[in-house]
Amino acid sequence: MKIFSRDQIYNADRLTIERQGLAAGELMERAAEASFNYIHSRLQGSPTPIVVLAGTGNNGGDGLALARHLMEHGYHVEVYMVQVRKERSPEFLQNLERLRERKCWPELLEEKGPRPELGQQHIVVDAIFGIGLNRVPDPWILELFQYINAAPSFVVSLDIASGLFLDRHTEPGQSVEAEVVLSFQFPKLPFFLPETGSSVHGWEVLDIGLDPAVLAETPAEFHWIYGDLLKPAYRGRGRFAHKGQMGHAAVLGGSTGKIGAVRLAAEAVLTAGAGKVTARTPRSGLVPLQVGLPEAMVEVDKGKDALESFALSVKPQVVALGMGMGTAAATVQAFTTFLEEKPQMPLVIDADGLNILGQNRELLDLLPPSTVLLPHPGELKILIGEWTDDFDKLEKARAFVKQYDCVLVIKGAHTLTLYRELGYFNSSGNPGMATAGSGDVLAGIVAGLIAQGYSPLDAALVGVFLHGLSGDLAVRDMGYEALRASHLIQYLGVAFRQWLQPPAPAEGQQEG
Ligand SMILES: NC(=O)C1=CN([C@@H]2O[C@H](COP(=O)(O)OP(=O)(O)OC[C@H]3O[C@@H](n4cnc5c(N)ncnc54)[C@H](OP(=O)(O)O)[C@@H]3O)[C@@H](O)[C@H]2O)[C@@H](O)CC1
Ligand SMILES: [K+]
């Protein structure tokens, strides 16, 4: 699903009005109706008091229109106009008039004066600012945000949590914290970034019927990725498939005490469907790997505790390297020689492979095109340098991807894959996956998919998604705490099956 920028949203809004011949206020009415339906389907007419806080622009207008629908359905609604500025948008005024016609006179909420009571029983609709926010709000408005955040009420924000900038950094504490954001037509970029995403506990995209042709023809820089979008990338296998056709991946890494990382990655390669895996480790890895993973072929290096050569006697379709590898001088030299000899297959690089690249930056120029790099935030810093905030991080990461023509997978709550000009946020996964070895499993899955013929970008997107889905399925049985990386491999088969199931019929439809 596309994530539009502010200009793109305003443009889609304008073109929809033109192409569909809509009257002024029609889109606002659709946004309000969709928000009403969301709230009404959950409250079912219960006497929960609802406090609507409306700014003076179109986001405020959405709030007023929603208040009208709620009142017409018998809800108890208190409406406040937050005087964020003197000017009022025409559609705000139109909806204010409609409320007054229904004998509702919203109270003005200004710098001075009382604040509404916000108790545990209240639902607060935050319609103070939408995507039009273009400067830091006045101090009294920031205080009002804090007042809302300190209240025990359930906060529903319209379109975006008020105070969050759509396209730049928001300082902590300068926005409303929403239990749920009802986001019109698209999710918004700040939902996915760790610094701002924490003010949005949940979000729902509500369709307000923006013109489908406009949505299709507008290119977006960022996308939100879920399973159905990835299905066309699936490469099935024919009835006559044999292991020689299902691909061969090599996993290079490990050091004494960290052989398990190679074992996890190699096991994930096979569980992701590759026909064969060869693990190359120091000599200390031979016994644990042969015993622990009988399906793997093992090549041992002359180095006892660390890899001293990357020279493989086999010709795999992909090489994954770096997990548990250490950064011993001999290993750095081996990695350098390997890259200087221009490897002819795609590479997947993780962990110490990334640390070595960051500390020997001339090696970055030797990476084959579309190499997949899988940094966690600490490794990312080594690659792209320090960043001041998440937007700065995005900019630096995108410049890095452009310079080195790589697929950069930034691991985190919404793992972000960057390739060429585009970014893809993943939708699966959970905090239980913040556990040792989780990254080794991901690297193995991605390599296993490339071995089977997936492009490096598709392998990264599908791999990240399945890894997260596997975590989501595993957590149902064992909870966050007990989840270990091995479970991610164990549940991978169920994750594949769930991914490939036909979509569930929409509500109200019968399977036929
Ligand atoms: N696009 C769509 O598809 C649809 C959009 N809809 C809704 O419209 C919303 C966008 O509405 P909007 O453009 O009127 O902006 P909004 O956020 O209400 O702000 C109002 C004005 O406040 C101002 N301002 C900015 N910062 C400020 C500050 N710190 N302190 C004080 N003032 C400040 C700034 O004006 P300025 O003062 O710069 O002239 C700004 O224009 C969108 O989020 C969605 O809810 C739906 O109705 C239907 C379809
Ligand atoms: K809002």
Side-chain angles (χ1 to χ4, degrees), residues 2 4-20 22-36 52-66 69 80-95 109-111 124-145 148-149 155-168 170-171 174-191 196 199-200 203 205-211 214-215 218:
K2 290 177 176 178
F4 273 22
S5 69
R6 186 210 314 238
D7 287 349
Q8 287 175 324
I9 296 175
Y10 284 132
N11 201 40
D13 184 5
R14 185 179 55 77
L15 287 173
T16 301
I17 291 170
E18 270 172 40
R19 292 186 188 179
Q20 297 183 1
L22 301 182
E26 176 62 29
L27 280 181
M28 185 174 284
E29 195 57 19
R30 288 187 194 170
E33 272 173 24
S35 305
F36 166 75
V52 176
L53 302 173
T56 61
N58 284 348
N59 194 251
D62 294 340
L64 298 185
L66 169 62
H69 285 288
Y80 294 85
M81 287 187 301
V82 184
Q83 182 75 325
V84 294
R85 55 174 199 152
K86 289 216 177 63
E87 301 77 24
R88 279 130 206 251
S89 74
E91 290 166 31
F92 172 93
L93 289 171
Q94 185 185 33
N95 278 291
L109 222 155
E110 294 177 286
E111 181 168 2
V124 174
V125 172
D126 153 38
I128 303 173
F129 288 114
I131 61 166
L133 186 81
N134 53 25
R135 54 192 181 272
V136 175
D138 290 345
W140 76 268
I141 299 173
L142 296 179
E143 276 167 30
L144 177 65
F145 293 167
I148 299 168
N149 294 345
V155 179
V156 180
S157 290
L158 299 189
D159 210 20
I160 190 165
S162 295
L164 282 187
F165 290 108
L166 196 61
D167 49 9
R168 61 176 157 114
T170 307
E171 287 299 327
Q174 296 197 344
S175 71
V176 168
E177 274 186 31
E179 259 71 45
V180 62
V181 177
L182 305 181
S183 188
F184 303 136
Q185 203 74 51
F186 320 94
K188 311 292 190 289
L189 185 57
F191 299 171
T196 41
S199 345
V200 174
W203 51 270
V205 170
L206 302 186
D207 187 352
I208 59 165
L210 292 188
D211 195 68
V214 176
L215 303 187
T218 308

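Atoms within each ligand, like the ligands themselves, are counted from 1 in listed order. These numbers come from the heavy atoms of this one structure, side chains and all, not from hydrogens, waters or symmetry mates.
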Can you check whether L158 has an N/O within less than 3.5 Å of an N/O in ligand 1? no
Tell me which part of D62 gets within contact of ligand 1: side chain, backbone, both or neither, using heavy atoms under 4.0 Å. side chain
Relative to the K ion (ligand 2), which of the N, O or S atoms in D126 is the closest? O
Could you tell me which atoms of ligand 1, counted from 1 in the order shown, lie closer than 4.0 angstrom to a heavy atom of V136? 29 (N)
ang(OG S162, the K ion (ligand 2), OD1 N59) rounded to 10° is 100°
F129 N/O under 3.5 Å from ligand 1 N/O: no
N/O to N/O below 3.5 Å, does that happen between I208 and ligand 1? no
With respect to D13, determine whether any N or O atom, backbone or side chain, lies less than 3.5 Å from an N or O atom of ligand 1. yes
One residue to check: I131. Relative to ligand 1, which of side chain, backbone, both or neither has a non-hydrogen atom less than 4.0 Å away? both
Determine, considering heavy atoms only, which of G130, G63, S35 sits nearest to atom 17 (O) of ligand 1. G130
Sub-4.0 Å atoms of ligand 1 with respect to non-hydrogen atoms of D159: 42 (C), 43 (O), 44 (C), 45 (O)
Under 4.0 Å to a heavy atom of R85 - the qualifying atoms of ligand 1, by number: 21 (C), 22 (O), 23 (C), 32 (N), 35 (O), 36 (P), 37 (O), 39 (O)
Specify the protein heavy atom at minimum distance from atom 11 (O) of ligand 1: its residue, its atom name, and the distance to 0.1 Å. N58 CB, 3.2 Å
What atoms of ligand 1 come within less than 4.0 Å of a heavy atom belonging to G132? 15 (O), 16 (P), 17 (O), 25 (C), 34 (C), 40 (C)
Interfacing atoms of ligand 1 (cut-off 4.0 Å, heavy-atom, V84): 31 (C)
Ion pair present between K188 and D159, side-chain N to carboxylate O less than 4.0 angstrom? yes
Numbered atoms and elements of ligand 1 in range of G57, under 4.0 angstrom, heavy atoms: 14 (O), 18 (O), 20 (C)
Could you tell me, atom by atom, which parts of ligand 1 come under 4.0 Å of a heavy atom of Y10? 10 (C), 12 (P), 13 (O), 15 (O)
